[in-house]
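Notes to accompany the following structure.
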Number of protein chains: 2
Amino acid sequence: MNHFIKTVALIGSGNVASHIGKVLIKNNITITQVFSRTSENAKALARQLNSEGINDLSQLNTNIDLVLISVKDDVLVDVANKIPENKAIVAHTTGSISINVLKRFKFHGVFYPLQTFSKKKEIDFSTIPICIEAKDESTSARLERLGEIISNNVRHISSEQRKVLHVAAVFACNFSNHFYAIAEDILGENQMDFNILLPLIQETTNKLKHGSPLDFQTGPAVRNDQIVVNEHLKFLENNENYQKIYEYLSRSILNLKNEKEL
Amino acid sequence: MNHFIKTVALIGSGNVASHIGKVLIKNNITITQVFSRTSENAKALARQLNSEGINDLSQLNTNIDLVLISVKDDVLVDVANKIPENKAIVAHTTGSISINVLKRFKFHGVFYPLQTFSKKKEIDFSTIPICIEAKDESTSARLERLGEIISNNVRHISSEQRKVLHVAAVFACNFSNHFYAIAEDILGENQMDFNILLPLIQETTNKLKHGSPLDFQTGPAVRNDQIVVNEHLKFLENNENYQKIYEYLSRSILNLKNEKEL
C-alpha cells in the first residue's frame with residue numbers, strides 16, 4: 001500500500017486546483033478526473049490536464065491513489081460528504097479547515113501549499129512550503145513523497161499550526177497586497193504610476209532574508225515623527241477609510257516597537 | 001557653472017546620509033565634510049567616507065558643489081537655517097518636506113532617493129528612483145547628472161508629487177513591513193518560524209510586475225468568506241489590536257474591490 005501516488009482525481013477547478021493539476025502532470029502524475037459542479041469548468045480544466053471532466057461525484061472513479069479536494073472553504077464539507085467511500089487517500093488543500101472534516105475516509109489528510117495563486121500568473125512550486133498532515137504514517141509518508149516531487153520545502157504541520165499559519169499569511173500576503181492597492185489608488189488619483197514604488201517594495205521584502213521585520217521598520221510612525229504623520233493624515237482627509245488605516249497602523253507600529261523593546 | 005557635481009558636504013550622519021555618502025565616494029565624488037550635532041557620529045561616518053567630521057555648521061567649507069542635507073524631518077528647517085549663505089547647491093533628501101524651506105539659498109533643490117534604508121543592509125542604488133526637484137534649470141540639470149551617476153531611474157518630481165509618493169510609500173513599505181512583523185509575532189507566539197512565509201511574501205510582490213495589485217488580491221476577505229474571516233477573528237481574540245486590524249482591513253479589501261468594479 002505504501003507506494004508512490006501516481007493517479008489523482010482533482011475535486012475543484014479554481015486557481016489552486018488548476019495550478020496543482022498543472023504541476024502534477026508536469027511531474028508525470030496522471031489526473032484521472034476533474035470534478036466541478038459547473039460542467040464547463042470541469043471540462044475546461046480537464047482538457048488542459050489531459051483528463052476527464054465530471055460534474056457529478058457519483059461518476060468519480062475511486063480506484064486511484066489520491067482524491068484531492070481543492071474547492072472554496074464554504075463548500076468543502078458539503079463536497080467531501082458527496083464523495084463515495086473509497087480506499088484512496090482523500091485530502092484537501094485548504095489553510096483553515098481541520099483534517100477532521102475528512103475523517104470518515106479510511107485514509108485522509110491535508111496537502112496545503114502555502115502560496116497565493118492567481119489565474120494570470122504561472123508559479124514555481126519548488127520553494128513553496130507544502131504543509132502535510134495525516135493521521136496514519138502510511139498516508140503521511142505518501143503525501144510527503146508527493147510533495148517532494150513538486151517542492152523542496154515539504155513540512156509536517158498540524159491542523160492547529162496550519163490555522164496559525166493561515167492567519168499570519170493573511171497579514172503578510174493579503175493585507176500587504178491591499179496596501180499595494182491603496183498605494184496604487186493614491187498615486188493614480190494624482191496621475192502617478194504605481195511602478196515607481198516597485199524597487200521600494202522589492203527592497204522591503206528582500207530585507208526579510210537578513211533579519212526580523214522589527215529590525216527593518218522605517219518611516220515616520222516608528223520614528224514617532226508626529227509632524228509628518230499629521231501632514232499625511234491631513235493629505236488623506238478626503239478618504240476617511242485611508243485616513244483611519246493610516247492613523248491606526250501608525251499607532252500600532254509604535255506600540256509593537258515599544259512592546260518588543262520592553 | 002554647469003559642471004558636474006564633484007564635491008559634496010553631507011549634513012547628517014544617519015541611515016540615508018551614510019548610504020548616500022558611500023555610493024557617492026564609490027563613484028569618485030569627494031565628501032568634503034560630514035556634519036552631525038554629535039561629534040562622534042560626524043567623525044565615525046567621516047572616517048568611512050575619507051572625510052572630515054564637524055559638529056558646528058560655522059565650520060562648513062562652502063566652496064564646494066553641493067551641500068546635501070539628510071537629517072530627521074523635524075530638525076531639517078532648523079539645520080538648514082544654520083547653514084551659511086553660499087554659492088553651492090543646497091539640497092535635501094526628504095520625501096515630505098517642500099523645496100521651499102531651502103529658498104534662501106541661491107541654488108537649491110531636492111535629491112530624494114525613494115527607498116527604505118537600514119544600517120544593517122547594503123543597498124544597490126542602480127534601480128532606486130532618485131526624485132529631483134529644482135527651481136532653476138542649471139541646478140536641475142546638475143542634480144539630474146549626479147543622480148544618473150548612481151541610478152538608472154532618475155525622475156523630476158515636484159514637491160506636491162513627492163508628498164503623494166511619500167504617503168503611498170508609507171502604505172506600500174512601512175505598513176506592509178508592520179504586517180510582516182505582526183505575522184512574525186503571531187507565528188512566534190505559537191513556536192513557528194517566520195521564514196516559512198518568505199516564499200509567499202516574495203510571490204505576493206513578484207506578481208506586481210505582471211499587473212495591478214487589485215487583480216492579485218486573494219484570501220478570505222476578497223472572497224467574502226465570512227466563515228474563515230470569523231474564525232480568524234476568534235483566533236485573534238487575545239489580541240484586540242490585531243483583531244481590530246484584521247476586521248478593518250477585511251472590510252477595506254471588500255470595499256475597494258466593490259468600488260473599483262462599479
Side-chain angles (χ1 to χ4, degrees), chain A residues 73-74 96 114-116 118 120-121 127-129 161 163-164 167-184 186-187 190 192 196-205 207-208 210-214 216-219 221 225 227-228 231-232 235 241 249 252-253 256, chain B residues 73-74 96 114-116 118 120-121 127-129 161 163-164 167-184 186-187 190 192 196-205 207-208 210-214 216-219 221 225 227-228 231-232 235 241 249 252-253 256:
Chain A
D73 292 2
D74 52 355
S96 48
L114 177 58
Q115 191 50 282
T116 164
S118 300
K120 286 189 185 179
K121 169 91 172 53
T127 60
I128 298 179
Q161 290 176 312
K163 188 170 198 174
V164 176
V167 174
V170 167
F171 279 92
C173 163
N174 305 151
F175 289 173
S176 290
N177 188 72
H178 183 52
F179 283 164
Y180 305 147
I182 290 178
E184 181 180 56
I186 291 171
L187 290 171
N190 293 277
M192 295 176 81
I196 195 172
L197 290 180
L198 292 185
L200 173 67
I201 290 170
Q202 208 60 59
E203 175 64 12
T204 306
T205 60
K207 282 180 178 178
L208 301 174
H210 302 269
S212 160
L214 280 176
F216 297 125
Q217 188 66 55
T218 58
D225 186 338
I227 297 172
V228 174
E231 262 184 40
H232 285 182
F235 174 83
N241 178 27
L249 267 281
S252 177
I253 285 174
L256 190 64
Chain B
D73 292 4
D74 51 356
S96 48
L114 177 58
Q115 190 51 281
T116 165
S118 300
K120 288 190 185 180
K121 168 91 170 57
T127 59
I128 298 179
Q161 290 175 313
K163 189 172 198 170
V164 176
V167 174
V170 168
F171 279 92
C173 164
N174 306 152
F175 290 173
S176 290
N177 189 72
H178 182 52
F179 283 164
Y180 304 147
I182 290 178
E184 182 181 52
I186 291 171
L187 290 170
N190 293 276
M192 295 177 79
I196 194 173
L197 290 180
L198 291 185
L200 174 67
I201 290 171
Q202 209 59 59
E203 175 64 12
T204 306
T205 61
K207 281 180 179 178
L208 301 174
H210 302 269
S212 161
L214 279 175
F216 297 124
Q217 187 67 54
T218 57
D225 186 335
I227 296 172
V228 174
E231 263 183 40
H232 286 183
F235 174 82
N241 178 29
L249 267 282
S252 178
I253 285 173
L256 190 64

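Residue numbers begin at 1 in each chain, while the letters A, B, ... track the order of the sequences.
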Tell me which of these, [options], has more heavy-atom pairs under 4.5 Å with chain A than the rest.
options	result
B:Ile186, B:Ile196, B:Leu256, B:Val170	B:Ile196
B:Leu187, B:Leu208, B:Ile128	B:Leu208
B:Ala169, B:Gly219, B:Cys173	B:Cys173

Straight-line distance of [X] [atom1] to [Y] [atom2], nearest 0.5 Å:
X	Y	atom1	atom2	value
A:Asn177	B:Glu203	CG	CD	11.0 Å
B:Gln202	A:Thr127	CD	OG1	9.0 Å
A:Gln115	B:Thr218	CD	OG1	9.0 Å
A:Leu200	B:Asn174	CG	CG	8.0 Å

[X] versus chain A, heavy atoms under 4.5 Å apart: side chain, backbone, both or neither?
X	answer
B:Gln161	both
B:Val164	both
B:Leu198	side chain

Which of parallel (below 30°), tilted (30 to 60°) and perpendicular (above 60°) describes B:Phe179 and A:Phe171?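 Ring orientation of B:Phe179 relative to A:Phe171: perpendicular.
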Where on A:Glu184 is there a heavy atom nearer than 4.5 Å to chain B: the side chain, the backbone, both, or neither?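 Looking at A:Glu184, just its side chain touches chain B.
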Against chain B, label A:Asn190 side chain, backbone, both or neither, depending on which of its atoms sit under 4.5 Å from a heavy atom there.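 For A:Asn190, the contact with chain B is made by the side chain alone.
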Worked check of side-chain contact (heavy atoms from CB on, under 4.5 Å) between A:Ile182 and B:Phe175: CA-CA 11 Å; A:Ile182 290 178; B:Phe175 290 173; over 6 Å; no
Any side-chain heavy atom of [X] within less than 4.5 Å of one from [Y]?
X	Y	result
B:Ile227	A:Asp73	no
B:Ile201	A:Ser176	no
A:Thr116	B:Lys207	yes

Could you walk me through whether A:Val228 and B:Asp74 pass the side-chain contact (heavy atoms from CB on, under 4.5 Å) test, one step at a time? CA-CA 8 Å; A:Val228 174; B:Asp74 51 356; over 6 Å; no
A:Ser96-B:Glu231 side chain donor-acceptor pair, cut-off 3.5 Å: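 No donor-acceptor contact under 3.5 Å links the two side chains.
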Do side-chain atoms of B:Lys121 reach the backbone of A:Phe216 as a donor and acceptor pair under 3.5 angstrom?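 Not a single qualifying donor-acceptor pair exists.
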Return yes if some donor-acceptor pair links the side-chain N/O of A:Lys163 with the main-chain N/O of B:Phe235 below 3.5 Å, else return no.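 Side chain of A:Lys163 to backbone of B:Phe235: no pair is present.
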Any idea which heavy atoms bring A:Pro129 and B:Pro199 closest together, and the distance?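 In terms of heavy atoms, the two residues are closest at CD-CG, 3.9 Å.
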Those residues that, when tested against A:Ser252, pass side-chain hydrogen bond (donor to acceptor under 3.5 Å, both in side chains) (two or more places apart):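 Partners of A:Ser252 by the side-chain hydrogen bond (donor to acceptor under 3.5 Å, both in side chains) criterion, ordered by chain and then number, come out as B:His178, B:Asn241.
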